Protein chains: 2
Amino acid sequence: MNETSLTIETVHEIRDDCLCFASQRAARRLARRFDRVFSPLGLTNGQFSMLVPLIGLWRPRLGELAEFLAMDAATMTAAVKTLKKRGLVALLADEGDARARRPVLTQAGRELMAQAVPLWRKEHAAVQEAAPGVKASTLDQLGR
Amino acid sequence: MNETSLTIETVHEIRDDCLCFASQRAARRLARRFDRVFSPLGLTNGQFSMLVPLIGLWRPRLGELAEFLAMDAATMTAAVKTLKKRGLVALLADEGDARARRPVLTQAGRELMAQAVPLWRKEHAAVQEAAPGVKASTLDQLGR
DNA sequence: CTCTTATAGTTTGATATCAAGTTAAAATGA
DNA sequence: TCATTTTAACTTGATATCAAACTATAAGAG
């Protein structure tokens, strides 16, 4: 194979420019931070993000929620099992489609989220302040 | 607890502004894309990113490499085991510190990376073109 | 030199991630 | 209607992720 592709310049180019690499690093750092913030509640950042959209009136099927989170359906199946076991969500049968199921917040889930939101607000302010140039809406374009 | 935190406005604020949520989604999308691109080589995006810095002259200890990747030392232990089993890296004893180990690319690893780099270049160009406003250097500030 | 503390890496356990294949139900078409 | 295709969710297997506890070695204090 073409060995000219394995130069120091190539290494530096990938290291400095790769959006996948940069996004994985940022995602790991932020996941760790928010996991620690939510840990007194026994929540992970991912569980928090999965529960937030269920606070309002939206009643997605599991697949719709997975798509919103840009995650695989198989991941959703596993994740919702954990939340159900902890009593934070319940799964409603869909009217009209016996295959589909719709997760909803339980009362316990709602109360836990009421505690989690202020923790999110504080930590997010700190993160945003340290990276003033970065907007969530910009990240949403990434990888599409 | 203060139920006023669980308004529709709160849901929308977190959905639209949360940098953690946005980075996890972007990271999942990009991981999926590059995993598929590298799959003919039996490589994941994470394995690729772990091998790239070993192409050049840098000879990090496992912990230094983990820090560069913003990942936990325990994750590094597991990841390097897979790469070693596949014969892509070898682990050298450190001179002067019997605890430390330094991963190096094997010849097979080097040849595989020579094949992977052109695949990366093509996919990355497509990703960058679809998100012209996003720079890796900006993402590097996120979560620090 | 020895005791204490700090550091490098590993192990374990729980959750997260996705590809590939499976099951059951819905939609389509003949 | 009945057969085919598509869709929603689940299962399985492999890797990824980190906290916490652990082992072995190194560094520092006295």
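Note that the structure is predicted; figures quoted are calculated from it, not measured. Just so it is clear: chains get the letters A, B, ... in the order the sequence lines come, proteins before strands, and each one is counted from 1.
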Which residues, if any, of residues 26-49 of chain B bring a heavy atom under 4.0 Å of DNA chain C?
Arg28(B), Arg32(B), Arg36(B)
Within this structure, what is the CG-CZ distance for the pair Leu69(B) and Phe21(A), rounded to the nearest 0.5 Å?
5.0 Å
Nearest 0.5 Å please: distance from the CZ atom of Arg110(B) over to the CG atom of Leu6(A).
6.5 Å
Can you label the angle between the His124(A) ring and the Trp120(A) ring as parallel, tilted or perpendicular, going by 30° and 60°?
parallel
As a quick check of understanding, evaluate side-chain contact (heavy atoms from CB on, under 4.5 Å) for Ile14(B) and Val117(A), giving each step before the final call.
CA-CA 9 Å; Ile14(B) 300 175; Val117(A) 164; 4.2 Å; yes
Considering only NZ, NE, NH1 and NH2 on the basic side and carboxylate oxygens on the acidic side, decide whether Glu123(B) and Arg36(B) come within less than 4.0 Å.
no
Boundaries of the chain B footprint along DNA chain D (any atom under 4.0 Å from a heavy atom)
dT15(D) to dA26(D)
Between Met76(A) and Ala78(B), which has a closest nucleotide on DNA chain D that is more 5'?
Met76(A)
Apply side-chain contact (heavy atoms from CB on, under 4.5 Å) to the pair Leu43(A) and Leu88(A), showing each step before the final yes or no.
CA-CA 11 Å; Leu43(A) 270 186; Leu88(A) 303 178; 4.2 Å; yes
Tell me every residue that passes side chain to side chain donor-acceptor pair (under 3.5 Å) with Arg144(A), counting only those two or more places apart in sequence or in another chain.
none
Here the residues of residues 59-75 of chain A within 4.0 Å heavy-atom distance, strictly under, of DNA chain C are Met71(A), Asp72(A), Ala74(A), Thr75(A)
Closest-nucleotide mapping onto DNA chain D: is Met50(B) or Ala100(A) further toward the 5' terminus? I mean the 5' end.
Ala100(A)
Could you give the distance from CG (Leu91(B)) to CZ (Arg101(B)), rounded to the nearest 0.5 Å?
4.5 Å
Residues Ser23(B), Leu19(B); criterion side-chain contact (heavy atoms from CB on, under 4.5 Å); working and verdict
CA-CA 6 Å; Ser23(B) 74; Leu19(B) 292 165; 5.9 Å; no
Hey, mind stepping through Lys84(B) and Val80(B) against side-chain contact (heavy atoms from CB on, under 4.5 Å) and telling me if it holds?
CA-CA 6 Å; Lys84(B) 189 175 188 307; Val80(B) 85; 5.6 Å; no
Does a side chain donor of either Gln107(B) or Glu111(B) reach within less than 3.5 Å of an acceptor in the other side chain?
yes
For nucleotides 26-29 of chain C, list the nitrogen or oxygen atoms of the protein found under 3.5 Å from its nitrogen or oxygen atoms, one pair per line.
{"unit_1": "dA26(C)", "atom_1": "OP1", "unit_2": "Ala98(A)", "atom_2": "N", "d": "3.1"}
{"unit_1": "dA26(C)", "atom_1": "O4'", "unit_2": "Arg99(A)", "atom_2": "NH2", "d": "3.3"}

Do side-chain atoms of Arg86(B) reach the backbone of Gly42(B) as a donor and acceptor pair under 3.5 angstrom?
yes
Contacts of type salt bridge (charged side-chain N to carboxylate O under 4.0 Å, His left out), residue Arg61(B), not counting sequence neighbours:
Glu64(B)
